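Beneath this line is the structure, given in structure tokens, with notes to follow.
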Amino acid sequence: MLTDVFVTRYEDTPIWTSFGDRERRFMVQAAKIITEQVFPYYINGDLNHSSKETLQAIHDKIAMEIGIDPLSPLYLGTYRYQIVDVVKNFFTRDFEPGLDVDIFIKRRVSFVELAMREYENQLEFAHSEFERRVAASRGDGNLYNLARALHIPEATEEFMRQQYDAQSKTLSQNVAEINERFRQARFPLLYRNGFVQFSEDAVIAATIEEPFWSLMSDPKWKNVEHDLLEAIDRRDNKRKDAALSAAKALESTIKIISDEKGWTTCNEKGAAGYIDNLVSAKNGRFIDVWEATLLKSFFGEVRNKLGHGSGTAPMLELSKQQDSWAIQTCMSWISSLITRL
């Protein structure tokens, strides 16, 4: 099975040209975060079988994608390393002259990305599975038996919410630490919602990008998140239509809000029709007239010209800086619209 990993997405985008103490320090830090905080291999001195299985699965996926299996030697003489040792040795291997430093670092960043993505997926699955079991047990009155089976004090929605909030807080703390380690190592990267992506401007990341990604946790914004991730990937890898993907995310947001508010008539003609729903006085002016004008201008001048055939007119082509502007503009609009709900 194919796995979307950082090294593959950014294969043609050079980032690193040297390996020094900052890079070496990051590798040690990343290995410890993954094997001691995110997937602790030992708990109170006992082997954590769940973490062992997860680390092996992540190892195998990365090994498949980069074509190196195992990622580091399995044996030292006759001693066989455990998977936690294989992972740590992969991260802390000395950089040797003759190796491609860019690929060397990207492979290890890919492991970080996949580990954090798996951590998020496991938390979300555990939460949804607990909800399902509580709902099923509530019907036959076996909530007490469910609590005993799961070795928890009580199987209630309140308990579930408290547990999920605690797990979400731990996830946020680990994500924040990974991003801070990136910053300290001077890696122009940010991890968010399952992916490590290129981020050149720390100010923009803090004021525009991070607030946007924090709003994407609700499943109803799944398509919005997908299109913005695609937009960033296209921009960073010098592929066409980055701005178009960003505009699709903004259009999806406007449609979702219109649908959720009950304003959609099914007679809308393109994004402009949905914008009219949001600015309508009858609907309480969710956005002001001047905002509707700006939105329509963006769709008319950028989205439509990129998304439709140019005919005999010159084809619109945007520079990387213009693509970045479009992505940041769409992120700002989306955040502004969602926070009004």
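Because the structure is predicted, anything quoted here is derived from the model rather than measured.
For the pair Arg93 and Phe90, the cation-pi criterion (under 6.0 Å, within 45° of the ring axis) is not fulfilled. Remark: Arg24 is not positioned above the aromatic ring of Phe19, lacking an NZ or CZ atom under 6.0 angstrom from the ring centre and at most 45 degrees off the axis.
Atom NZ of Lys261 is separated from atom CG of Leu341 by 5.5 Å, given to the nearest 0.5 angstrom. Separation of atoms NZ (Lys52) and NE2 (His49) is listed at 7.0 Å; rounding is to 0.5 Å.
Close placement of the Phe182 and Phe26 rings is indicated, their centers lying within 6.0 Å of each other. Taking the ring centroids of Trp16 and Phe187, they lie under the 6.0 Å cut-off. The aromatic ring centroids of Tyr79 and Tyr81 lie less than 6.0 Å from each other.
A donor-acceptor pair under 3.5 Å is formed between the side chain of Glu113 and the backbone N or O of Val196. Under the 3.5 Å distance criterion, the side-chain polar atoms of Asp69 are left unmatched by any main-chain donor or acceptor of Ala63. A donor-acceptor pair is defined here as one N or O able to donate and one able to accept, closer than 3.5 Å; no such pair exists between the side chain of Asp241 and the backbone of Leu244. At distances below 3.5 Å, not a single donor-acceptor pair connects side-chain atoms of Ser336 with backbone N or O atoms of Ser332. The backbone N or O of Ser50 lies less than 3.5 Å from no partner atom in the side chain of Glu53, so there is not a single donor-acceptor pair.
Counting heavy atoms from C-beta on, the side chains of Ile334 and Leu215 never come closer than 4.5 Å. Between Leu318 and Leu306 there is a side-chain heavy-atom pair separated by less than 4.5 Å.
When each of Arg340, Lys220, Lys255 is paired with Glu260, the salt bridge (Lys or Arg N to Asp or Glu O under 4.0 Å) condition holds for Lys220 and for no other.
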TODO: Evaluate salt bridge (Lys or Arg N to Asp or Glu O under 4.0 Å) for Lys88 paired with Asp85, printing each intermediate quantity in order.
DONE: CA-CA 5 Å; Lys88 287 182 177 180; Asp85 302 313; 5.8 Å; no
TODO: Given side-chain hydrogen bond (donor to acceptor under 3.5 Å, both in side chains), test Ser110 with Glu65 step by step and report yes or no.
DONE: CA-CA 10 Å; Ser110 296; Glu65 296 308 317; over 6 Å; no
